[in-house]
Amino acid sequence: DFLTQRASIPFFTILSAWIYEGTLDDPYGEFFIVEDPRVVPDGEGAAGYWRGRFRFEERHIPRLLEDVQQRVLHAGKCINVLKLSDELDEGIARECP
């Protein structure tokens, strides 16, 4: 029981950061959501970013989250896009006279 709790700390740390901050810090590529940093917002809006920036790594989806995996993915995506939108707005505001 002690070892299981200790072993799950990194997973739940990554999961919490994803759900509450929209960030992924997975240096070993073990989480079930992966990020493609090559996908950036383009001039046509955030649709491509939304679809392509984050996706599932099917072989890493834990059974305990199978029923809610889409919700977990969308929760982090929403926070990430909101933060990105805020950053873009600040950059535009700085450029305005």
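Keep in mind it's a predicted model, so treat the numbers as computed, not measured.
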Could you list the cluster mates of Leu3? Members are the ILVMFWY residues connected by side-chain heavy atoms closer than 4.5 Å, either directly or through other members.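 Noted: Leu3 shares its cluster with Phe2.
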Can you tell if the side chain of Trp18 reaches within under 4.5 Å of the side chain of Ile79, non-hydrogen atoms only?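 No, their side chains stay 4.5 Å or more apart.
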Does any part of the side chain of Ile14, heavy atoms only, come nearer than 4.5 Å to the side chain of Asp25, both counted from C-beta?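 They are not in contact (no side-chain heavy atoms under 4.5 Å apart), so the answer is no.
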Any residue meeting side-chain hydrogen bond (donor to acceptor under 3.5 Å, both in side chains) with [X], in chain and number order, not counting sequence neighbours:
X     : result
Glu57 : Arg59
Glu35 : Arg53
Asp26 : none
Arg38 : Asp36

Under the side-chain contact (heavy atoms from CB on, under 4.5 Å) test, which residues partner [X], sequence neighbours left out?
X     : answer
Leu64 : Pro62
Ser8  : Phe12
Phe56 : Phe32, Ile33, Glu58, Ile61, Gln69, Gln70, Leu73

Is the backbone of Gly22 close enough, under 3.5 Å, to the side chain of Lys83 for a donor and an acceptor to pair up by distance?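 No; judged by distance alone, with no hydrogens or angles, the pair does not exist.
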Pairs where residues 71-81 contributes a residue and the test side chain to side chain donor-acceptor pair (under 3.5 Å) is met, not counting sequence neighbours: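 Output for this query lists Tyr49-Asn80.
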If hydrophobic clusters are built by linking Ile, Leu, Val, Met, Phe, Trp and Tyr wherever their side-chain heavy atoms come under 4.5 Å apart, do Tyr20 and Phe31 end up in the same one?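 In one cluster: yes.
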Spell out, yes or no, whether Leu24 and Val68 are grouped together once hydrophobic residues are joined by side-chain heavy atoms under 4.5 Å, including indirect joins.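 Yes, because Leu24 and Val68 connect within a single hydrophobic cluster, where side-chain heavy atoms sit under 4.5 Å apart.
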Quick one: closest heavy-atom pair of Trp50 and Val81, and the distance?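 The pair with the smallest heavy-atom distance is CE3-CG2, 3.7 Å.
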